[in-house]
Amino acid sequence: MKTVLRVESLMKSYLIPSKSEDRLAVLKGISFQVEEGERLAIMGRSGGGKSTLLGCLSGLDHGDSGLVEVLGQDLAKMSATDLNRFRARSIGIIFQQFQLLDHFTAQENVRLPLDLAGRNPVEADALAREKLVRVGLGDRGDHFPEQLSRGECQRVAIARVLAMGCPLIFADEPTGSLDAKTGTAVMDLLFESAKEAKAAVVLVTHDPLLAKRCDRILYLAEGQLSHGAST
Ligand SMILES: Nc1ncnc2c1ncn2[C@@H]1O[C@H](COP(=O)(O)OP(=O)(O)O)[C@@H](O)[C@H]1O
Ligand SMILES: [Mg+2]
């Protein structure tokens, strides 16, 4: 089994602006790993550090110490340029609020990262179209995010990640702003497509039903990850 993500003793704290010497310790030594194609749910109370953790794992942010290795590559050892390139190819992120560009159509939103990665324009266009069809939005490519429902916007965000073919997908409360039925449909789609692509999915959720659909659940509390719920 190939390990796609390895985390060792990851620590992260934030400066507290009012007290310049004090730091808020959010992650206090996190260690775990994720294998190819695995689905891992991370649960924990609001403010517990889940988004901070995903930020560090995806290279958008970095820890104070510890190791984050994606596909055998230590993120901290890469230059900013290499990290950006590597992230684009290897790590897909789905956010609760979709993070689509409002002035771009669905097709353009899916295509943009392909263009940034230097893909051939004709290929990029075809691939974006194919992935929109895959998420059931083949006829909505010309629509702007405001012309789409929240569930449809989340599908565009999924198509965008699928188009890049990343072996590791992070999702930060991906159903948090969707109703239960739409959330289930969107996650069905993400899980199916990730399985086809053998991509691993690490998701943060408050929803125990969604967490149960994963192979494994870890709980983040007091800056530590554990196998059992703390409440
Ligand atoms: N940039 C930041 N500067 C200072 N504190 C932060 C920053 N980002 C998050 N925090 C704090 O870190 C803690 C964890 O936040 P977060 O990772 O967003 O939690 P979760 O996603 O589990 O709700 C919270 O107490 C939050 O206020
Ligand atoms: Mg969060």
Side-chain angles (χ1 to χ4, degrees), residues 34 37-55 57-58 60 91-113 128-164 166 168-197 199-221 229-231:
V34 176
E38 195 184 5
R39 301 192 295 212
L40 169 67
I42 296 174
M43 300 192 77
R45 70 167 181 81
S46 180
K50 303 181 297 300
S51 296
T52 300
L53 176 60
L54 285 193
L57 302 184
S58 61
L60 290 173
I91 303 172
I93 310 176
I94 295 166
F95 298 92
Q96 177 174 354
Q97 300 297 340
F98 331 127
Q99 313 280 37
L100 299 180
L101 297 170
D102 293 341
H103 300 291
F104 283 60
T105 63
Q107 167 79 13
E108 288 164 348
N109 266 285
V110 178
R111 220 192 114 153
L112 184 67
R129 232 169 266 284
E130 178 198 318
K131 295 306 174 190
L132 279 176
V133 169
R134 176 67 189 84
V135 300
L137 294 173
D139 55 350
R140 309 298 292 276
D142 292 339
H143 289 219
F144 290 92
E146 67 169 24
Q147 298 168 317
L148 299 169
S149 72
R150 302 185 72 73
E152 287 164 348
C153 285
Q154 195 57 303
R155 282 167 186 266
V156 175
I158 291 172
R160 181 172 59 181
V161 162
L162 296 177
M164 291 299 289
C166 300
L168 179 57
I169 297 172
F170 292 117
D172 196 351
E173 305 197 29
T175 58
S177 57
L178 305 176
D179 62 79
K181 195 170 159 221
T182 307
T184 303
V186 161
M187 291 314 293
D188 284 346
L189 183 66
L190 176 64
F191 285 150
E192 268 169 37
S193 332
K195 198 169 175 185
E196 281 166 23
V201 179
V202 176
L203 64 87
V204 157
T205 184
H206 285 293
D207 177 358
L209 292 176
L210 173 56
K212 278 208 183 100
R213 296 185 62 185
C214 294
D215 303 312
R216 209 151 51 99
I217 305 177
L218 292 174
Y219 298 87
L220 180 59
S230 57
T231 46

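Note: hydrogens, waters and symmetry copies are ignored here, and every other heavy atom, side chains too, is used.
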Can you find a heavy atom in the side chain of [X] that is under 4.5 Å from one in the side chain of [Y]?
{"X": "Phe95", "Y": "Leu54", "result": "no"}
{"X": "Asn109", "Y": "Pro145", "result": "yes"}
{"X": "Val156", "Y": "Arg140", "result": "no"}
{"X": "Val161", "Y": "Phe170", "result": "no"}

Mark yes or no for whether [X], through its side chain, and [Y], through its backbone, hold a donor-acceptor pair below 3.5 Å.
{"X": "Lys50", "Y": "Ile42", "result": "no"}
{"X": "Gln154", "Y": "Gln97", "result": "no"}
{"X": "Thr175", "Y": "Leu178", "result": "no"}
{"X": "Arg111", "Y": "Ala128", "result": "no"}
{"X": "Arg39", "Y": "Arg213", "result": "yes"}
{"X": "Arg150", "Y": "Ser177", "result": "yes"}

Per side-chain contact (heavy atoms from CB on, under 4.5 Å), Arg155 is matched among Thr182, Leu148, Val135 by Val135
Name the one of Val202, Asp215, Val201 that satisfies side-chain contact (heavy atoms from CB on, under 4.5 Å) with Val34?
Val202
Measuring from Leu40:CG to Leu218:CG, what's the distance to the nearest 0.5 Å?
5.0 Å
Work out which heavy atom in Ser193 is nearest to a heavy atom in Arg134; give both atom names and the distance.
OG-NH2, 3.8 Å
Heavy atoms only: give me the nearest Ile91-Ser58 pair and the separation to one decimal.
CD1-O, 3.9 Å
Might you work through the side-chain contact (heavy atoms from CB on, under 4.5 Å) test for Leu100 and Arg160, ending with a clear yes or no?
CA-CA 9 Å; Leu100 299 180; Arg160 181 172 59 181; 3.9 Å; yes
Determine whether Ile93 and Asp172 satisfy the following criterion, side-chain contact (heavy atoms from CB on, under 4.5 Å), listing intermediate values before the conclusion.
CA-CA 8 Å; Ile93 310 176; Asp172 196 351; 5.9 Å; no
